[in-house]
Amino acid sequence: MSKKVLITGGAGFIGSHVIRLFVNTYPDYQIINLDNLTYAGNLLNLKDVENKNNYRFIKGDITDVTFIEELFQSERPDSIIHLAAESHVDRSIANPLAFAQTNIIGTIVLLNAFKNLWSENWDEKLFYHVSTDEVYGSLGSEGLFVESTSYSPNSPYSASKASSDHFVRAYGETYNLPYVISNCSNNYGPYQFPEKLIPLFINNIIQQKPLPVYGDGNFIRDWLYVLDHAIAIEMIFHHGKKQETYNIGGFNEWKNIDLVQLLCKQMDIKLNRSPGNSEQLITYIKDRPGHDLRYAIDATKINLELGWSPSVTFEDGLSNTIDWYLKHEDWLHKVTSGDYLNFYAKQYH
Ligand code: NAD
Ligand code: DAU
């Protein structure tokens with residue numbers, strides 16, 4: 001059956017993989033990519049699909065009420081996959097208001113326009129909200145986040161995402177708006193902006209710049225290859241139960257410092273540098289304020305209900321990711337010029 005799917009944030013890291021998957025898998029769907037092209041959005045991420053018949057890009061801001069209302073009335077999308085967000089925790093510490101504006105207000109503007117468009121005629125409609133495991137706060141050394149874990153966000157970023165999740169749920173309860181939410185762990189892979197740990201450190205290793213590890217480096221994240229996240233989103237979009245939440249994770253916990261050491265080893269080999277060369281770049285710096293100790297997802301629900309599980313091992317995923325960045329130094333160069341230099345100077349002095 002044909003669908004008209006509006007995907008927000010499609011020029012960003014995860015969004016570009018979701019767009020590519022949908023455009024290539026569903027020639028009968030009309031896929032619209034709505035993105036404001038902030039520093040994190042880049043149409044170079046979608047070069048290979050930009051001329052496909054079932055794909056269109058629209059530049060626009062999800063917080064602009066008039067623009068979004070008119071867009072929804074003219075395009076009449078039956079489904080939304082909402083990824084547009086400010087997504088970097090360190091930037092949220094420096095500028096919380098921008099996160100409240102995009103992540104909270106932007107989500108409400110979209111929910112409202114969807115509600116106004118369909119006036120509760122909800123047959124075959126869906127609002128899919130893509131969220132994060134950070135809404136659950138921090139774990140100690142034991143336990144996993146399940147879908148019923150209480151929300152306890154600790155950063156302005158996670159608080160804004162938690163708030164947006166609550167609004168989606170509230171629109172479901174109040175207006176019967178059909179929704180699904182997924183909360184995913186840390187993604188990595190091609191096209192990730194080099195402000196996040198893995199691409200930042202790959203770029204710094206290439207340039208032999210210091211690798212700024214926060215605090216003692218003993219913080220734990222659960223890493224998932226981005227294509228596995230895109231596949232999970234595709235499965236939930238088609239087969240997820242309405243008004244429900246799905247956790248998505250890699251069953252793949254790494255201490256930051258262990259991950260950085262593995263990355264250094266792999267890069268020394270790929271760059272023909274002597275063993276131990278990149279590790280010398282590791283520099284412990286002041287910790288991130290409110291730094292969550294550990295995230296780890298229990299992805300049993302999506303596995304049992306939809307048959308999803310991660311398909312890419314961490315060693316393979318990391319190796320593919322490094323290869324991609326080494327082959328796309330032009331991309332890296334483009335996204336790390338201009339404003340990036342100001343961000344880098346402020347964040348790392
Ligand atoms: P990203 O920062 O790479 O991309 C965000 C995209 O949103 C960019 O293309 C940007 O231009 C666009 N955007 C920002 N503000 C906008 C606005 N006002 N109007 C229209 N477009 C706007 O983010 P990402 O890492 O790809 O994350 C995508 C989504 O997935 C986010 O909602 C994030 O919270 C969630 N998520 C990310 C991860 C992760 O590890 N990166 C994990 C779990 C969930
Ligand atoms: O868990 C999902 C979340 O993962 C997503 O919702 C966010 O959008 C995404 O940015 C990511 O958040 P993190 O804060 O976990 O990712 P980041 O890559 O910024 O940091 C990963 C870990 O590495 C974290 O413990 C902080 C540490 N770190 C990060 C940077 C950028 C460093 O030690 N040094 C650094 O320079």
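Residue numbers run from 1 in the order of the sequence given. When a ligand or atom number is given, it counts from 1 through the structure's own listing order.
Residue Tyr295 does not touch ligand 1, judged by heavy-atom distances below 4.0 Å. Contacts between Thr8 and ligand 1 below 4.0 angstrom, taking non-hydrogen atoms only, are absent altogether. Of all the heavy atoms of His82, none lies under 4.0 Å from any atom of ligand 1, so neither backbone nor side chain is involved. Only the backbone of Asn186 comes within contact range of ligand 1, with a heavy atom under 4.0 Å; no side-chain atom does.
One option in Gly41, Ser131, Gly12, Cys184 has a heavy atom closer to atom 44 (C) of ligand 1 than any other, and that option is Ser131. Looking at Gln347, Glu195, Lys255, it is Glu195 that brings a heavy atom closest to atom 31 (C) of ligand 2. Nearest-heavy-atom check against atom 41 (N) of ligand 1 across Ile14, Thr63, Asn183 picks out Ile14. With Gln192, Arg91, Arg221, Glu134 as candidates, the residue nearest to atom 12 (O) of ligand 2 on a non-hydrogen basis is Glu134. Comparing heavy-atom distances from atom 16 (O) of ligand 2 across Asn186, Leu293, Leu197 singles out Asn186 as nearest. When the heavy atoms of Asn33, Asn45, Asp35, Leu110 are ranked by distance to atom 11 (O) of ligand 1, first place goes to Asp35. Comparing heavy-atom distances from atom 29 (C) of ligand 2 across Tyr136, Tyr344, Tyr214, Trp254 singles out Tyr214 as nearest.
Not a single heavy atom of Tyr39 lies less than 4.0 angstrom from ligand 1. Using 4.0 Å as the threshold, Gly106 has no heavy atom nearer than that to any atom of ligand 1.
Here is the list of ligand 2 atoms found below 4.0 Å of a heavy atom in His291: 24 (C), 25 (O), 26 (C). Residue Leu200 has at least one heavy-atom neighbour below 4.0 Å for each of these atoms of ligand 2: 36 (O).
Summarising the geometry of Asp298 relative to Asn247, their closest heavy-atom pair is O-CB, 3.7 Å, with the distance given to 0.1 Å.
Centroid-to-centroid, the aromatic rings of His238 and Tyr26 come within less than 6.0 Å.
Inclusion of Glu86 in the set of residues having an N or O under 3.5 Å from an N or O of ligand 1 is not warranted.
In the hydrophobic cluster analysis, where Ile, Leu, Val, Met, Phe, Trp and Tyr join through side-chain heavy atoms closer than 4.5 angstrom, Leu37 is grouped apart from Leu34.
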